[in-house]
Amino acid sequence: MAHPYVVNPRLFSAHAGSSLFRSAMGAVAALVLGIGMLGSAACTVNPVTGKTQLDFMGETQEIQLGKNLYPRYTQQSLGEVPDPRLEAYVDRVGLKLARVSQRPQLPWTYNAVNDPEVNAYALPGGKISITRGLLSRLDNEDELAAVLGHETGHVNARHAAQAYTRQVLAQLALLGAGIYMDAHGTRNARLYTVAGMLGMQLMFASYSRNQERQADQLGFEYMTKAGYNPEGMVGVMRILLHEGKAQPSLLRRMFADHPMSSERLATAEASVAAEPPAVRTRPIRSQRFLAAVRHIRETRPAYDRFAKARRLLARKKTAEAESLLEESVAEWPDDGLLRGYLAGAEAEDGKLERAMQDAQRAGDNAPHIFVVQMLAGKIFLRAKRYAAAVPFFDNASRILPNLPEVELLRGEALEGAGRTREAARAYEKVRRLAPGSDASAEASRRLRSLGMATAK
Ligand SMILES: [Zn+2]
């Protein structure tokens with residue numbers, strides 16, 4: 001039971017090494033190099049400070065980087081919350097802030113993602129996400145505006161662009177040194193984490209304390225300009241401080257720093273006190289907000305258990321995770337994400353028949369969530385039900401195209417189902433996507449065993 005979601009350990013071990021990551025990072029490197037970010041550092045004017053600064057990319061490149069990272073980050077965060085009304089609402093609130101900010105012309109998008117942890121993050125170029133875990137803990141639109149305003153501040157002050165640039169450069173350096181795998185953790189961790197399923201390690205940007213202070217200040221400015229009650233910022237800081245004490249593990253990047261949380265709360269309180277009474281006494285908007293988040297508030301206990309279960313799975317405490325997930329699924333039987341993870345835990349526990357039933361239903365209920373499609377595909381592959389596995393890998397490949405890991409598994413399912421020519425095309429794709437990698441070597445080996453010639 002070393003690696004639960006994998007039918008064929010050899011298949012995974014063959015490309016669990018740094019090479020797969022290298023290929024994925026290769027794509028990022030190509031993007032970065034292609035847009036001339038390296039070696040062409042230029043002086044640009046910081047939109048917030050108005051000062052000239054040394055920068056690695058211009059606005060066009062920044063937008064392109066965000067656009068390229070966005071699908072993978074959204075899927076790493078377990079996909080968009082399947083509630084179009086909520087998505088539209090979050091976007092509308094965010095756009096009100098963007099419009100009064102220093103860079104209204106960016107292609108801003110704001111979305112809510114299924115991650116049950118308490119978090120929010122910004123990608124360069126104006127792509128901002130808030131997690132279900134945080135959203136379900138807020139009480140009104142003014143608090144939502146505070147969170148989105150803070151993230152908008154990170155983008156406008158170019159913190160996000162700088163952090164992701166640093167991250168890409170650091171990963172490229174590690175790859176150059178060939179030491180990435182050591183930091184990447186074990187093969188098992190890869191199977192349980194979405195990052196592993198994505199075939200690459202995605203990280204949230206980390207900001208300095210000064211950058212956090214600046215983002216708070218900018219967020220406060222935007223929300224006040226947009227007509228919100230700045231008390232919302234205080235509310236958010238209280239929630240974060242409380243969550244940090246109650247469940248430190250639930251908190252990620254944005255608010256991970258506890259001493260800073262109390263400082264930030266004090267700053268927010270002082271800022272509110274400095275505003276004129278007309279601003280301080282603005283009505284708090286909770287009615288529209290509560291209507292929009294009704295479902296995610298109702299499902300919060302189930303998703304809090306889900307958060308716990310994911311941590312248990314990562315520590316191989318399968319039985320405990322399974323019972324938490326069962327409880328959540330009993331409550332929300334049509335939630336594909338919860339049921340998908342339950343299926344995974346069942347498969348890990350050797351209950352393959354039940355796992356397949358749950359995987360099928362989960363896959364049908366969550367057609368847009370990459371991790372669910374991957375789990376379902378792997379479970380059917382494990383049961384050697386190749387034909388049933390194919391549609392799930394097809395979906396995964398549609399959601400996030402061009403991941404060598406997905407194409408290799410898809411090839412295996414197609415091959416098992418007797419669809420040899422399509423399998424060969426999938427293996428050829430792996431070779432094109434990740435030349436020189438272990439995944440490519442495995443694809444070549446499989447092509448040869450199919451009797452297909454492999455040049456190179
Ligand atoms: Zn921040």
Side-chain angles (χ1 to χ4, degrees), residues 46-49 62 65-66 69-70 73-74 76-77 90 93-94 97-98 101-103 106 108-113 115 117-135 137-138 142-167 202-224 226 228 230 232-244 248-272:
N46 186 299
V48 169
T49 61
E62 183 189 340
L65 180 60
L69 294 172
Y70 185 68
Y73 272 84
T74 298
Q76 175 173 252
S77 306
V90 169
V93 173
L97 305 163
S101 80
Q102 292 87 349
R103 304 169 80 187
L106 285 183
W108 296 96
T109 54
Y110 296 80
N111 78 355
V113 288
D115 193 333
E117 313 280 338
V118 175
N119 198 16
Y121 60 90
L123 294 176
K127 306 253 179 253
I128 288 167
S129 301
I130 179 170
T131 65
R132 191 167 182 139
L134 178 52
L135 198 46
R137 282 166 172 78
L138 303 179
D142 306 77
E143 290 177 353
L144 175 59
V147 172
L148 300 180
H150 174 96
E151 296 302 329
T152 303
H154 277 311
V155 172
N156 280 340
R158 297 184 70 99
H159 302 157
Q162 288 160 12
Y164 286 96
T165 305
R166 261 201 317 275
Q167 183 180 312
L202 302 174
M203 283 181 265
F204 293 110
S206 58
Y207 303 115
S208 70
R209 288 180 168 222
N210 272 335
Q211 289 177 322
E212 291 302 341
R213 288 186 190 104
Q214 192 183 14
D216 281 348
Q217 195 190 328
L218 289 168
F220 189 91
E221 179 192 318
Y222 305 150
M223 70 183 297
T224 311
Y228 287 103
M233 185 64 87
V234 175
V236 168
M237 294 306 163
R238 283 214 185 97
I239 289 167
L240 297 172
L241 201 56
H242 169 79
E243 290 297 327
S249 56
L250 267 182
L251 289 188
R252 286 229 197 110
R253 277 287 160 231
M254 177 182 175
F255 308 111
D257 196 336
H258 301 173
M260 179 122 193
S261 299
S262 31
E263 179 207 303
R264 289 169 69 190
L265 173 58
T267 306
E269 284 170 339
S271 306
V272 172

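Just so you know, ligand 1 is whichever comes first in the structure, and atom 1 is the first atom listed for that ligand. In this text, all values refer to a predicted model and were calculated from it rather than measured experimentally. We count residues from 1, following the sequence as given.
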For the Zn ion (ligand 1), the nearest N/O/S atom on Glu212 is atom OE1

Please list, chain by chain and in numerical order, all residues satisfying side chain to side chain donor-acceptor pair (under 3.5 Å) with Tyr110, sequence neighbours excluded. Thr152

Does Gln214 have any side chain to side chain donor-acceptor pair (under 3.5 Å) partners at least two apart in sequence or in another chain, and if so, which? His159

Does Arg158 reach the side chain of Glu62, with side-chain heavy atoms less than 4.5 Å apart? yes

Is His159 close enough to the Zn ion (ligand 1) to have an N, O or S atom under 2.8 Å? no

Kindly report the NE2-the Zn ion (ligand 1)-NE2 angle for His150 and His154 respectively, rounded to 10°. 100°

Tightest non-hydrogen contact, residues Ala268 and Phe220, listed as O-CE1, 4.4 Å

